[in-house]
Amino acid sequence: MSQPVDTAVSAVRTYIAQHRVAFLDDLTEWLRIPSVSAQPDHAPDVRRSADWLAAKLEETGFPTVEVWPTPGAPAVYAEWPAADPGAPTVLVYGHHDVQPAAREDGWDSEPFAPVVRDGRLYARGAADDKGQVFFHTLGVRAHLAATGRTTPAVHLKLLIEGEEESGSPHFRALVEQHADRLTADAVIVSDTGMWSEDTPTVCTGMRGLAECEIRLYGPDQDIHSGSFGGAVPNPATAVARLVAALHDEHARVAIPGFYDGVVELTGRERELFAELPFDEERWLRTAKSHATRGEAGYSTLERVWARPTAEVNGIGGGYQGPGSKTIIPSSAMVKLSFRLVAGQDPEHVRKAVGDWVPAQLPEGIRHEITFSPATRPCLTPLDHPALRSVVRAMGRAFGTPVRFTREGGSGPAADLQDVLGAPVLFLGISVPSDGWHAPNEKVDLDLLLKGVETSAYLWGDLAEHWRHAP
């Protein structure tokens, strides 16, 4: 017996096929703009990128489009209300700035001269993040065409920032400034990826981040190790002992209170992680490492995605030159970073670290701790109705079961959750081989159009299954 034809899917795919060439031509034009936020010489290009996107969003049909200035690079805001005032409000986040790139870095072609080879579009920003931002423009048009609507089924908003590749230094302030305009029932982040080309996945969480630099001081100057060694405290020894005390024998962080509030993995989440086709040997080769190591009782994926960590990012003190210099150094330092998971409060972690450090130090060693701005973790429960909509939309587009991942890194999406109080969901189609931040960054065109298709189905699914936000 033949399978029933999904007329909505047929209509969406027909519309996408008819507009594929124009969509890719527009994206190629945008990718030609070298919107490198980290390089001051490209500030005019970042502004030009924002203006280009704003004009294209107006052309798409968004009745409200604005370029929002910041002390750094501009962001783009767009809004398209639904006809139904009771429809949920969804905010799409992405960024239009890109990483630096030059031909001499190892590119096979000019990074800002897009080229298609073997069904893949090569250019800086093709995957991270212009391609994944831009698929929403064709997606919403396909949604309208397939449903006969003149407005989206949800109140649709976009916030596309211009400083993500520079650490989003002004993003939280921007969100706080415009919180009344950005209010939403859910946030869709399209600055992420999937497990692989044939394993579509949805990310359900992202770790937070707290960082600090600890400086230890002993003698007021470097002193002779023969005259004074063994009789005064050595800050280099103290920093080594501090680092050695950071973890216990099970690789758990040994700072009292560090795990307070941690949301533990459920049995179902662990089962879902285990379903992924994870090749640990291949992962180790990618990591350029020779063995796995981490908190006892957890798999590699669980450690990377769902457990908090403490890592030494740098350590130093004393003489570093050739040969020997027999001194007791006057100071030493260590840089630490803490990846945080759902339930952890960065301020609580900062206090725990601040209380722990002096307790590890001998008399005569003074210390200073400097913390960088923290990023909160975010996590969406598997049974959240908006997440279910994302999974159904992606499954409809790919025609295969959708699995679940988390993200071990950190990003500005948590600021949206924190300020707006809305759940954050991730919709991305990039795959690990796309080479984010690397030479020859690319996006697979078939996957990119699957992103378009997923976007086209998502708004109607949200309106149908989540009409009244909790």
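The figures that follow rest on heavy atoms only: side chains count, while hydrogens, waters and symmetry mates do not.
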So for atom CG, which belongs to D118, do other residues, nucleotides or ligands contribute more than 12 heavy atoms lying within a distance under 6.0 Å? no
In a check of side-chain contact (heavy atoms from CB on, under 4.5 Å) between H136 and each of T454, V92, L458, which one passes? V92
What I want to find out is whether R172 reaches E176 closely enough, with some N-O distance under 4.0 Å, to be called a salt bridge. yes
Ignoring hydrogens and angles, tell me if any N or O in the side chain of E302 forms a donor-acceptor pair with the backbone of S299 under 3.5 Å. yes
To the nearest 0.5 Å, what is the distance between CH2 on W466 and CZ on R388? 12.0 Å
Which pairs count as ring pair (Phe, Tyr, Trp, His ring centres under 6.0 Å) when at least one residue sits in residues 31-71, sequence neighbours excluded? W30-W52, W52-F134, F62-W80, W68-Y77, W68-H178
Set of salt bridge (charged side-chain N to carboxylate O under 4.0 Å, His left out) partners for E213, sequence neighbours left out: R215, K335
Among R376, R207, R339, which residue satisfies the side-chain hydrogen bond (donor to acceptor under 3.5 Å, both in side chains) criterion with S410? R339
Using modelled atom types only, decide if a donor and an acceptor are shared between the side chain of T199 and the backbone of W195 within a distance under 3.5 Å. no
Looking at W305, is its backbone amide N or carbonyl O close enough to the side chain of E407 to form a donor-acceptor pair, meaning the two atoms are under 3.5 Å apart? no
For V9, enumerate each residue passing the side-chain contact (heavy atoms from CB on, under 4.5 Å) test, keeping only those at least two apart in sequence or located in another chain. D6, R13, R396, E453, Y457
Shortest non-hydrogen contact from T201 toward G193: OG1-O, 4.2 Å
Minimum heavy-atom separation for Q344 to P308, with atom names? OE1-CB, 3.2 Å
Side chain of E441, backbone of G125: donor and acceptor closer than 3.5 Å? yes
To the nearest 0.5 Å, tell me how far L284 CG sits from T300 OG1. 7.0 Å
Considering all heavy atoms, the nearest A153-H143 contact: N-NE2, 3.1 Å
Taking the six-membered ring for Trp, is the centroid-to-centroid distance between Y93 and F171 below 6.0 Å? yes
Between L121 and A126 the two heavy atoms that sit nearest each other are O-CB, 3.6 Å
Just by modelled atom types, is the P114 backbone N or O under 3.5 Å from a matching donor or acceptor in the T28 side chain? no
So does R252 get a backbone contact from the side chain of Y259, meaning a donor-acceptor N/O pair under 3.5 Å? no
Does the structure place the NZ or CZ of R303 under 6.0 Å from the centre of the six-membered ring of Y298, at an angle of no more than 45° from the ring's axis? no
